[in-house]
Structures are given as structure tokens and as C-alpha cells.
There are 2 protein chains.
Amino acid sequence: MSMDAVFKALADASRRQLLDRLHDRNGQALGELCEGLKMSRQAVTKHLAILEGANLVATQWRGREKLHFINPVPINDIAERWIGKFERGRLAALSALKKNLEREKP
Amino acid sequence: MSMDAVFKALADASRRQLLDRLHDRNGQALGELCEGLKMSRQAVTKHLAILEGANLVATQWRGREKLHFINPVPINDIAERWIGKFERGRLAALSALKKNLEREKP
DNA sequence: TTGACAGGCAACCAAATAGTTGCATATTTC
DNA sequence: GAAATATGCAACTATTTGGTTGCCTGTCAA
């Protein structure tokens, strides 16, 4: 479960849009996900394969339809393990700023 | 301040490594950031330019040295506006799972 | 069983990306 | 002022990426 694959998968706006669509309605088939998009079905297939490779999307066959389900776990992992680190840095910086302001106030 | 630039900037492992280094010690010059890396100084320069373009890094000249400072705000923005959305979805799913478990228990 | 529907596979193409090398410029330091 | 240091700029290359088209396979329904 490489974090690099997740970052790379999230780097493309089309793929983030697909995740958005799945977030709106989970379990959509390929055809549904293609509706209204300006790219070919094959392009969407490739994007979904990348999302699947990053474990951001899971699939399930129902007859001749391939249903797609979003998996928020890797996104959450990134939020916790990577973004959280910088978030703490930011909070520390804000805290330091606040201290300075208080010292310089009166 | 496009979110796409931030996602794209974070997509590369070398750039995330540079952010890590700046997180360890902020305000490093280009030369310091290059130390121990397997790519040329020019490659690092390009990566830093992309990070700067995404507003993830701010710079300041001190004599002939260019100092680099991390800016955690865009990362925080992504965490709040984008990741938070999916995080809420995950919590909802967990909640639904819990309900199901409770219903099936007795 | 014969279409029609949903999707997969493979080859190809253009643009973006990550990297290099060579040379130029500005700032210290001796 | 000259040498050394720190960085910038530009051109070039190889690989990756996002996209297309054409054709094949499997499933459902009349």
C-alpha cells in the first residue's frame, strides 16, 4: 500500500473528479461514471485503474457491469501520517506567533 | 492559489522529501537542501520552483544564499476542504457499520 | 440465437515531466 | 581585484502520462 501511488493518483484533476462522483453516489458502473465527461470511456478506464491501483477505489462485477466503490482509508492515512505532521508544525507556528503578539502587546 | 498545483507538487517523492527536510529544519539554502541527494543541484532547483509555485515553499535571499521556508497553509487547506469531505464519508460508513452490528447482535 | 449493451485489451501519439550538462551572474573572501 | 562560492538560465534528452482509435469478449434480452 504505497503512499506514493496515492499521491500520484490524487495528482490528476480528472481522477479527483471521479472520486468526487463516487463520493456523490457510490457503486457506479463505468458507463455511469463516463456520462457528461469530455474524455473517452477508455481514458476513464485508465484513470479508474490507477485509482484502483492506489487502493482508492474497489470494484465488483454485477453481470456485465463493473461497479466502483470509493475507499477513503488511504486518504485518511495520508491525512494522519503525512499532513498531520505539517499541521502540527503550523499550529506550533501559530502558537509562537501568538506568544510574540502577547509579549509585544502592552 | 490553485489546489491542482498543490496536488501536483505533492505527487513527486523527491519534492515530498524536500518538504520533509524543510520540516526538519526550516530556512535552508539550496546548497544545504542538495546535500546527500542523488540528483543534481539543478534538479533540486526545479523541484523547489514547483513547490514555490504551489505556494508550499517561500524563499528569501540572504546575500548569495537563497533560503527556503515551508508554508503549511496549502496543505492544511487540502486537508480541510478536500480530505475532510472523504473523512466524513468514512466516519458515516463506520457509523452505519456499527449500527448494523448492533442490530444483528442479539 | 441474434443483436445490443458493457467493458477489456493493445497499439499508437502528443504533451508533460524529471533529469542532465554547460555556461552565465552575483556575492563573498582573500 | 581575483578566486571561490551560491545560484540562475537555457538547451537538450529520455521517460512517463493522458489521451485516442480499433477491435475483441462476455452478458443480457427480444
Side-chain angles (χ1 to χ4, degrees), chain A residues 2-22 24-71 74, chain B residues 2-22 24-71 74:
Chain A
S2 94
M3 215 157 63
D4 189 67
V6 180
F7 275 112
K8 286 233 166 69
L10 294 178
D12 186 89
S14 300
R15 288 194 286 272
R16 292 197 302 276
Q17 189 184 5
L18 288 171
L19 286 181
D20 278 339
R21 287 191 169 211
L22 285 179
D24 287 342
R25 190 160 49 85
N26 211 7
Q28 291 184 67
L30 173 60
E32 297 175 272
L33 286 169
C34 287
E35 281 168 22
L37 296 184
K38 282 168 190 167
M39 47 184 164
S40 68
R41 176 176 57 85
Q42 282 74 6
V44 176
T45 298
K46 284 192 179 179
H47 283 307
L48 288 171
I50 290 172
L51 289 170
E52 212 179 334
N55 203 28
L56 283 161
V57 160
T59 60
Q60 183 188 346
W61 282 92
R62 186 182 61 189
R64 61 186 165 183
E65 286 185 322
K66 189 182 194 181
L67 306 183
H68 297 79
F69 299 87
I70 200 170
N71 176 20
Chain B
S2 94
M3 214 156 63
D4 188 68
V6 179
F7 275 112
K8 285 234 166 70
L10 295 178
D12 187 271
S14 299
R15 288 193 286 271
R16 292 198 301 277
Q17 190 184 5
L18 287 171
L19 285 182
D20 278 338
R21 288 192 168 210
L22 284 179
D24 287 343
R25 190 159 47 86
N26 212 6
Q28 292 185 68
L30 173 61
E32 297 176 270
L33 285 169
C34 288
E35 281 168 21
L37 296 184
K38 282 168 191 167
M39 47 184 165
S40 68
R41 175 177 57 85
Q42 283 73 7
V44 176
T45 299
K46 284 191 180 181
H47 283 306
L48 288 171
I50 290 174
L51 290 171
E52 211 176 335
N55 202 30
L56 283 161
V57 160
T59 60
Q60 183 187 345
W61 282 92
R62 187 182 59 190
R64 63 185 165 186
E65 286 186 322
K66 189 182 194 181
L67 306 182
H68 297 78
F69 300 87
I70 202 170
N71 175 21

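Small disclaimer: the values here were computed from a predicted structure and weren't measured.
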For the side chain of B:R15 and the backbone of B:L10, is there at least one donor-acceptor N/O pair under 3.5 Å apart? no
Please list, by residue number, the residues of residues 57-66 of chain B whose heavy atoms come closer than 4.0 Å to an atom of DNA chain C; answer none if no residue qualifies. B:G63, B:R64
A:I50 CD1 to A:K8 NZ distance, which is reported to the nearest 0.5 Å: 10.5 Å
Report the C-alpha separation of B:I70 and B:L19 in whole Å, then their side-chain angles, then the decisive distance to 0.1 Å, and conclude whether the side-chain contact (heavy atoms from CB on, under 4.5 Å) test is met. CA-CA 7 Å; B:I70 202 170; B:L19 285 182; 3.9 Å; yes
Can you check whether A:N55's main-chain N or O pairs, donor with acceptor, with A:N71's side chain at less than 3.5 Å? yes
What are the two closest heavy atoms between B:A29 and B:H68, and how far apart are they? C-ND1, 4.1 Å
Mind checking the CG-CG spacing from B:L67 to B:L30? Nearest 0.5 Å is all I need. 10.5 Å
Interatomic distance, B:L33 atom CG to B:H47 atom NE2 [nearest 0.5 angstrom]: 12.0 Å
Separation of atom CD in B:Q28 from atom P in D:dA6, rounded to whole Å: 14 Å
Of the options D:dG8, C:dG19, C:dG7, whose atoms approach the side-chain atoms of B:T45 most closely? D:dG8
Testing C:dG8, C:dA18, D:dG19 for proximity to the side chain of B:R15, the answer is C:dA18
Interatomic distance, B:E52 CD vs D:dG8 C1' [rounded to whole Å]: 13 Å
So what is the end-to-end bend of the helix from C:dT1-D:dA30 to C:dC30-D:dG1, with 5 pairs used at each end and the value given to 10 degrees? 20°
B:K46 has an atom NZ; how far is it from atom C1' of D:dT7, in whole Å? 15 Å
Nearest non-hydrogen partners of B:A9 and B:L51, listed with the distance: CB-CD2, 4.1 Å
NZ of B:K8 versus P of C:dA16: gap in Å, rounded? 10 Å
Would you kindly give the CG-to-C1' distance between B:L48 and C:dG19, to the nearest whole Å? 15 Å
What distance do A:L48 atom CG and A:K66 atom NZ have between them, rounded to the nearest 0.5 Å? 7.5 Å
d(A:L56 CG, A:L18 CG) to nearest 0.5 Å is 11.5 Å
Nucleotide D:dT27, atom P - distance to CG of A:L30 in whole Å: 16 Å
One should read off an interatomic distance between B:T45 OG1 and B:E52 CD, to the nearest 0.5 angstrom, of 10.5 Å
Kindly say if B:H47 contacts the phosphate of C:dG19, meaning a side-chain N or O under 4.0 Å from OP1 or OP2. yes
Does any residue of residues 32-43 of chain A have a heavy atom under 4.0 Å from DNA chain D, and if so, which ones, in number order? A:K38, A:M39, A:S40, A:Q42, A:A43
